[in-house]
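Worksheet for the structure shown next.
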Amino acid sequence: MPELPEVETTRRGLQPHVEGHRVASVLLRRPDLRWPIPREIESLLPGQRISAVRRRAKYLLLDTDAGSALLHLGMSGSLRVLPADTPVRAHDHVDIALAASIDTPARVLRFNDPRRFGCLLWQAAGDVHSLLARLGPEPLSDAFDGDYLFALSRQRKAPVKTFLMDQSVVVGVGNIYAAEALFVAGISPLRAAGKVSRERYVALAEAVKLILQRAIDRGGTTLRDFISPDGAPGYFEQELLAYGRGGQPCPRCGHALRQASIGQRATVWCGRCQR
DNA sequence: AGGTAAACCTGGACGC
DNA sequence: TGCGTCCAGGTTTACC
C-alpha cells in the first residue's frame, strides 16, 4: 500500500504521540512478519525513550539511545496510536506500549498488516541497516533532479516506469505515483529509460516532487486499507489522473486511457498525451 | 551489471 | 451461497 506520502503521513501522525515518550513494553503476537522480528525489539526497546520518529524512503525509524526500531508497512501495513485498552483486531501483530506521563494516558502503538509484507527490524546505534544502505536519494531533496535522472539512465533499456520505481534510483515512488508522475510529465511508461531526453527528465523530476508533495498535503491515498495513526484516511485518491482509470477518458485529451502490465505492475497511461 | 520473474500472504471483487 | 480465479499501494531473491 504505502508509498512515500502514506509513510510520511504515518510519521507525522505518530510524531506527537511517540516522540519524547518512553516504551513501557513490547508485545509480539507473532514472531515474524516478512522476516523474524529480532530479539533486540524485545530485549532492548522496552524502557527506552523514543527521541525521534524519522522516515527514510518507505521506512520508519523510531530512534532511541540503544538503537532504532526499523519499520516497513509493505503492501497492507498500518500503524495506529490507540488507548492502551483498545481491543485487538485481526492482523494486529505488534504492540509497542507507551508509558503514561503526567499529561498523557498510556497508549499503544499498534502494527496491523494483513499480508505481512511489512517488517519490524532493529538497527543498532551508529549502524546503517543493510536495507537502507543502497537506497537512492529522497525525491523531495535537492539531490534529486532531472540532471541526476538523465545521467543515471544513459544506456539503460528498462522501461522508464520501472527505472523510476527502482529504489536504488530514487526512493519512495511506487506504482501509483509513478503512473501519476509519468502522466503529468507526458512520458510513455514503456519508453526505455535511456531514451528519455534531459529536458523530459527535468519535467519528470518536477512532476514527482509536485505529486508527492501534493499527496502528502492530502494525507496520502487510501485505496483499501491505508489509515493514518489517528484513523483518518488519505484524500489524494480523488485527484488521481491515471492510476486505476484504465479505459476511462484521459483527463487531458479524452482519448481512452491504456492499461497494460509493465515490470509485473498494472500500468495506466494515455497513448496520445504520453510519448 | 542490468533486466526479468518468482516468491512471500491475505482478503476482496468477480464470474459461474 | 459457495467456490475458483484474479488482483492489490512492495521488495528481496534467484536466475539469465
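Just so we're on the same page: letters track the sequence lines, and every chain starts at 1.
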Where do N or O atoms of nucleotides 9-12 of chain B meet protein N or O atoms at under 3.5 Å, pair by pair?
| residue | atom | partner | partner atom | Å |
| --- | --- | --- | --- | --- |
| B:dC9 | O4' | A:Arg115 | O | 3.4 |
| B:dC9 | O3' | A:Arg116 | NH1 | 3.4 |
| B:dC9 | O3' | A:Arg116 | NH2 | 3.3 |
| B:dC9 | O2 | A:Arg115 | NE | 2.8 |
| B:dC9 | N3 | A:Arg115 | NH2 | 3.3 |
| B:dT10 | OP1 | A:Arg116 | NH1 | 3.3 |
| B:dT10 | O4' | A:Pro114 | O | 3.4 |
| B:dT10 | O3' | A:His91 | NE2 | 3.3 |
| B:dG11 | OP1 | A:His91 | NE2 | 2.8 |

Could you tell me whether a side-chain N or O of [X] sits under 3.5 Å from a main-chain N or O of [Y], the two making a donor and an acceptor?
X        : Y        : answer
A:Ser51  : A:Asp63  : yes
A:Tyr148 : A:Val169 : yes
A:Arg245 : A:Gly247 : no

Does A:Thr64 have any side chain to side chain contact (heavy atoms under 4.5 Å, CB included) partners at least two apart in sequence or in another chain, and if so, which? A:Leu45, A:Gln48, A:Ile50, A:Ala66, A:Trp122
If two hydrophobic side chains count as joined below 4.5 Å and joins carry through other members, does A:Leu182 share a cluster with A:Leu212? yes
So does A:Tyr243 get a side-chain nitrogen or oxygen closer than 4.0 Å to the phosphate oxygens (OP1/OP2) of C:dG9? yes
Expressed as a whole number of angstroms, how long is the span from [X]:[atom1] to [N]:[atom2]?
X        : N      : atom1 : atom2 : answer
A:Glu3   : C:dA8  : CD    : P     : 13 Å
A:Leu71  : C:dG10 : CG    : C1'   : 15 Å
A:Leu33  : C:dG10 : CG    : C1'   : 14 Å
A:Asp32  : B:dA7  : CG    : P     : 20 Å
A:Leu152 : B:dG3  : CG    : P     : 10 Å
A:Lys161 : B:dT4  : NZ    : P     : 13 Å
A:Asn175 : C:dA8  : CG    : P     : 8 Å
A:Phe226 : C:dA8  : CZ    : C1'   : 16 Å

When you compare B:dC9 with C:dA14, how far apart are their P atoms, in angstrom units rounded to a whole number? 16 Å
What's the verdict on salt bridge (charged side-chain N to carboxylate O under 4.0 Å, His left out) for A:Arg11 and A:Glu8, showing C-alpha distance, side-chain angles and the deciding distance? CA-CA 5 Å; A:Arg11 191 195 70 77; A:Glu8 179 60 22; 3.1 Å; yes
Other than A:Ile102, what residues sit in its cluster of Ile, Leu, Val, Met, Phe, Trp and Tyr side chains whose heavy atoms are under 4.5 Å apart, directly or through others? none
Other ILVMFWY residues reachable from A:Val108 by side-chain steps of under 4.5 Å: A:Leu82
In which stems does DNA chain C show up, taking only runs of three or more Watson-Crick or G-U wobble pairs whose two distances fall under 3.5 Å? B:2-8 with C:10-16, B:10-16 with C:2-8
More than 12 foreign heavy atoms under 6.0 Å from CZ of A:Arg154: is that the case here? yes
Between A:Ser68 and A:Leu61 the two heavy atoms that sit nearest each other are CB-CD2, 4.1 Å
B/S/- along nucleotides 11-16 of chain C (protein heavy atoms under 4.0 Å) is BS----
Apply salt bridge (charged side-chain N to carboxylate O under 4.0 Å, His left out) to residues A:Arg29 and A:Asp95 and explain how you reach the verdict. CA-CA 8 Å; A:Arg29 294 195 182 79; A:Asp95 281 357; 2.6 Å; yes
Reckon A:Thr221 touches a base, only the sugar-phosphate, or nothing at all at heavy-atom distances under 4.0 Å? base
